[in-house]
Amino acid sequence: MIIFSNGKTCADIVLPTCASPCERFAADELKKYLDLITNEKFSIITTKSLKKDFNIYVGATQKALSLFENEYLSLGQDSFVIRNVGNDLFLFGRESVYSQSATIYAVYEFLEKYLGVRFYAVDEEMVPKKEHIEIDDIDILSNPSFINRQPLYGTQRKNAQFALKLRIKDKYVADLLGGSLDLEWGTAQGHNFYDLIPPAVYEKEHPEWFDKENGELCFSQESLTDELFEVLKREIISHPNAKYFALSQNDTVKSCQCDKCKASYEKYGVTGTMMRFVNHVAKMIEEWSKESCHNREIYIVTFAYYFSIKPPVVKNKKGEYIAIDESCIPNKNVYIFFTTIDFCFYHELADTTCEWNKDFLDTFYGWKSLVGERIHVWNYCTNYVHYLYPFFNFESWQKNYKFFKDNGVRYLLDHGNCETEFADMAEMRAYLASKLMWDVNLNVEEEAKGFIQAYYKEAAKEVEEYLKLLRERFKKIDEIEGYHLRVYNLPQEMYAKSNFPIEFIEKLRTTFARGFDKIEKIEDEAKRALIKKRLMRVDLSARYLLLINYDEYYQTGKEEFIEKYLQDIKYCEIANFRESMSMDNMQILQERALKGVLYRYDLW
């Protein structure tokens with residue numbers, strides 16, 4: 001099938017007569033990039049205006065449905081087909097209540113896989129020029145590894161159209177043509193006990209509902225569950241399309257410590273007690289919805305997080321997981337949002353030889369034994385106190401995603417440094433995460449290499465060398481004493497000077513100096529400034545390793561080093577250097593660095 005040849009367009013883009021907004025957008029995007037690739041103007045027509053021998057049918061056109069109706073009707077959420085038959089190419093997916101983007105994804109896949117287009121970053125797309133476009137036989141049915149794909153990075157959160165190109169779903173990204181999860185959720189995704197029952201509203205009349213010292217609701221107050229039922233009812237009614245409603249512990253590490261709760265913990269454990277509390281509300285919602293919300297999917301979602309991470313099960317001699325009490329089994333309308341917050345991300349989660357991950361399999365499988373595939377995963381991919389620390393999870397990333405997919409997880413959220421756009425190679429991380437969430441069997445090394453070459457250009461070799469040096473260093477630390485990558489506190493191996501000797505630090509400095517020297521030779525001023533800023537953002541993470549232990553390496557120059565470091569953070573537009581702490585608090589970072597206590601989690 002010939003699309004373009006001899007300076008002429010040989011195919012038209014064909015839309016259904018009554019095309020949806022997403023189908024129109026998909027056709028517009030296809031035309032936009034075909035025009036850029038060929039320097040010619042392609043036409044968008046409807047099936048009533050066919051005039052060329054070759055046609056590209058976008059969306060649920062009459063011809064597509066006549067040929068593939070059964071397949072079209074069986075497509076899952078976000079799945080799409082790319083197929084040519086004779087002189088016609090078909091790109092289509094099926095729109096649903098929760099996602100209308102499948103046909104758009106088909107267009108982007110066609111552009112990437114067959115025309116060499118790449119959507120690397122908001123400010124970096126690769127659009128090759130072609131004098132001839134001819135398509136051989138294509139027959140693709142693409143199903144995402146995860147239906148809901150939510151890598152949390154500031155990169156896509158500030159640009160909904162780029163998120164669409166990466167096939168990302170995010171409750172907090174503005175809805176652009178079906179790209180948001182907002183319709184699915186009637187509440188926040190988690191940490192919402194106090195959203196539902198605000199102390200400012202309820203505490204005066206019901207002080208017994210709150211453990212203010214630990215920042216949690218009490219799990220032993222029946223009147224509280226009755227009120228939660230009423231509150232959730234209102235949320236369900238006011239969000240008629242939503243199916244997920246969180247009833248989820250606050251962002252705390254300790255549960256209610258009243259006498260009633262403590263007595264229940266003795267019998268059911270902390271998690272078992274919390275599940276009984278959640279079940280009480282969930283069962284009331286279930287009974288009410290049978291009468292009031294006919295044929296509607298409604299699920300209560302609760303966290304397995306910190307004090308509730310351990311499932312309410314025991315493991316018998318046969319290796320089977322048995323609920324400690326039937327009342328602790330999550331009700332059939334309850335989903336568990338399983339979090340990996342307290343594990344190690346340098347090693348794969350299923351690695352039982354890792355001291356932090358040795359209980360992961362029992363924890364995950366224990367929950368799975370109770371809920372089957374009613375389990376979402378909230379994963380992590382940054383250190384929240386140190387956004388600039390090189391969070392080297394590249395050795396375990398893909399293995400962890402594969403584990404989740406193989407165990408029936410369909411909803412994956414990977415929580416990165418979503419408050420800022422550029423710290424710790426966030427641009428590449430967002431790109432790779434989106435690709436992996438679509439296809440866990442992706443050749444990650446190849447995709448990473450392509451990104452680095454395109455994004456860092458003249459300095460690509462130095463970025464590759466930097467990652468190689470980190471890989472070798474972390475591997476050596478792990479072999480000697482064990483290296484562990486955590487999301488809040490820094491275990492000593494993550495910062496100890498003995499693990500990052502001055503020779504290693506200076507090798508990093510030399511590598512980046514070589515990259516900056518190359519950039520200075522770029523003649524185009526705008527390009528030179530752009531690539532310099534991109535490389536500097538990576539260099540900030542390398543320098544962070546020096547900043548943590550500066551006094552251990554050098555006797556002088558610390559104040560000047562810190563001043564330059566802070567200037568470069570501002571220049572690189574990194575908005576936050578840690579969770580909930582913006583550059584407006586730059587003096588805090590400066591003070592900690594000057595005192596040599598950046599690593600101290602307790603001070604933050």
Side-chain angles (χ1 to χ4, degrees), residues 189-194 196-197 209-211 213-222 224-225 228 244-283 285 299-316 319-343 349 356-380 404 407 409 411 413 487:
Q189 290 172 292
H191 297 322
N192 73 329
F193 274 173
Y194 278 9
L196 300 174
I197 306 292
W209 289 2
F210 303 93
D211 180 341
E213 181 178 347
N214 294 299
E216 280 295 349
L217 293 179
C218 176
F219 299 146
S220 304
Q221 301 294 328
E222 188 169 337
L224 172 55
T225 56
L228 279 167
Y244 296 128
F245 296 85
L247 176 56
S248 185
Q249 70 192 73
N250 296 327
D251 196 359
T252 60
V253 298
K254 198 170 184 180
S255 60
C256 176
Q257 296 298 303
C258 75
D259 290 341
K260 285 186 177 180
C261 282
K262 284 183 177 179
S264 183
Y265 300 159
E266 289 293 320
K267 185 174 182 180
Y268 303 109
V270 175
T271 308
T273 298
M274 191 188 78
M275 280 314 313
R276 285 164 55 84
F277 175 78
V278 171
N279 278 343
H280 192 161
V281 179
K283 288 175 181 177
I285 292 292
Y299 299 106
I300 302 302
V301 184
T302 196
F303 266 149
Y305 177 85
Y306 277 137
F307 67 73
S308 64
I309 188 64
K310 186 177 179 181
V313 298
V314 292
K315 191 176 181 181
N316 66 20
E320 300 167 325
Y321 300 95
I322 310 298
I324 59 175
D325 189 87
E326 192 171 321
S327 64
C328 300
I329 300 173
N331 200 50
K332 61 185 178 181
N333 65 335
V334 172
Y335 266 77
I336 297 300
F337 219 142
F338 180 87
T339 69
T340 59
I341 195 164
D342 210 22
F343 295 100
L349 292 168
W356 286 100
N357 295 347
K358 63 181 183 296
D359 296 326
F360 171 81
L361 289 177
D362 279 337
T363 304
F364 183 87
Y365 287 139
W367 278 114
K368 188 178 177 183
S369 73
L370 299 178
V371 296
E373 294 188 356
R374 297 196 320 276
I375 188 165
H376 299 333
V377 169
W378 193 305
N379 197 54
Y380 300 86
F404 294 134
N407 280 279
V409 173
Y411 189 124
L413 183 154
V487 302

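Numbering of residues begins at 1 and proceeds along the displayed sequence. All values reported here derive from a predicted model rather than from experimental measurement.
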Q. Under 30°, 30 to 60°, or over 60°: which ring-plane class applies to Y244 and Y411, parallel, tilted or perpendicular?
A. perpendicular
Q. What class does the angle between the rings of F337 and F303 fall in, given that below 30° is parallel, 30 to 60° is tilted and above 60° is perpendicular?
A. tilted
Q. Do V409 and F338 have side-chain heavy atoms sitting under 4.5 Å apart?
A. no
Q. Taking I329 as the fixed residue, which of V371, L370, N279 is the one that meets the side-chain contact (heavy atoms from CB on, under 4.5 Å) rule?
A. L370
**Q.** Student check: side-chain heavy atoms of F404 and N379 closer than 4.5 Å
**A.** yes
Q | Value rounded to 0.5 Å, distance of SG in C328 from CZ in F277 | A | 14.5 Å
**Q.** Y305 side chain reached by H191 side chain, heavy atoms, under 4.5 Å
**A.** yes
Q) Hey, are the side chains of Y380 and T339 touching, using non-hydrogen atoms and a 4.5 Å cut-off? A) yes
Q: Answer yes if the side chains of S248 and N192 hold a donor-acceptor pair under 3.5 Å, and no otherwise.
A: no
Q: Mark yes or no for whether N250, through its side chain, and T252, through its backbone, hold a donor-acceptor pair below 3.5 Å.
A: no
**Q.** I336 and T302, any side-chain heavy atoms less than 4.5 Å apart
**A.** yes
Q: Measure the spacing between CD1 of I309 and CZ of F360 and express it to the nearest 0.5 Å.
A: 8.5 Å
(Q) With rounding to the nearest 0.5 angstrom, report the CD1 to NZ distance, I322 to K315. (A) 11.5 Å
Q: Heavy atoms only: give me the nearest G366-V313 pair and the separation to one decimal.
A: O-CG1, 3.9 Å
Q) Rounded to the nearest 0.5 Å, how far apart are CG of L217 and CZ of F210? A) 6.0 Å
Q.
Restricting to side chain to side chain donor-acceptor pair (under 3.5 Å), what partner residues turn up for E320, sequence neighbours left out?
A. N316
(Q) Could you check whether R374 makes a cation-pi contact with Y299, meaning its NZ or CZ is under 6.0 Å from the centre of the six-membered ring and within 45° of the ring axis? (A) no
Q: Of all the heavy-atom pairs spanning L224 and I197, show the shortest one and how long it is.
A: CD1-CG1, 4.0 Å
Solution key, residues 258-267 side-chain donor-acceptor pairs under 3.5 Å, sequence neighbours excluded:
{"residue": "S264", "atom": "OG", "partner": "T273", "partner atom": "OG1", "Å": "2.7"}
{"residue": "Y265", "atom": "OH", "partner": "S255", "partner atom": "OG", "Å": "2.9"}
{"residue": "Y265", "atom": "OH", "partner": "C256", "partner atom": "O", "Å": "2.6"}

Q | Check: T340 and L349 side chains under 4.5 Å, non-hydrogen atoms | A | yes
(Q) In terms of relative ring orientation, are F219 and F307 parallel, tilted or perpendicular, with 30° and 60° separating the classes? (A) tilted
Q: Give a yes-or-no answer on whether the side chains of D251 and Y306 include a donor-acceptor pair shorter than 3.5 Å.
A: no
Q | Interatomic spacing from NZ in K358 to CZ in F343 - rounded to 0.5 Å | A | 10.0 Å
Q | Gap separating the CE atom of M275 from the OH atom of Y268, nearest 0.5 angstrom | A | 14.0 Å
(Q) Any heavy-atom pair between the side chains of W367 and T271 that's under 4.5 Å? (A) yes
Q. Residues in side chain to side chain contact (heavy atoms under 4.5 Å, CB included) with N214, at least two apart?
A. D211, K254, Q257
Q | Sub-4.5 Å side-chain heavy-atom contact between F193 and L228 | A | no
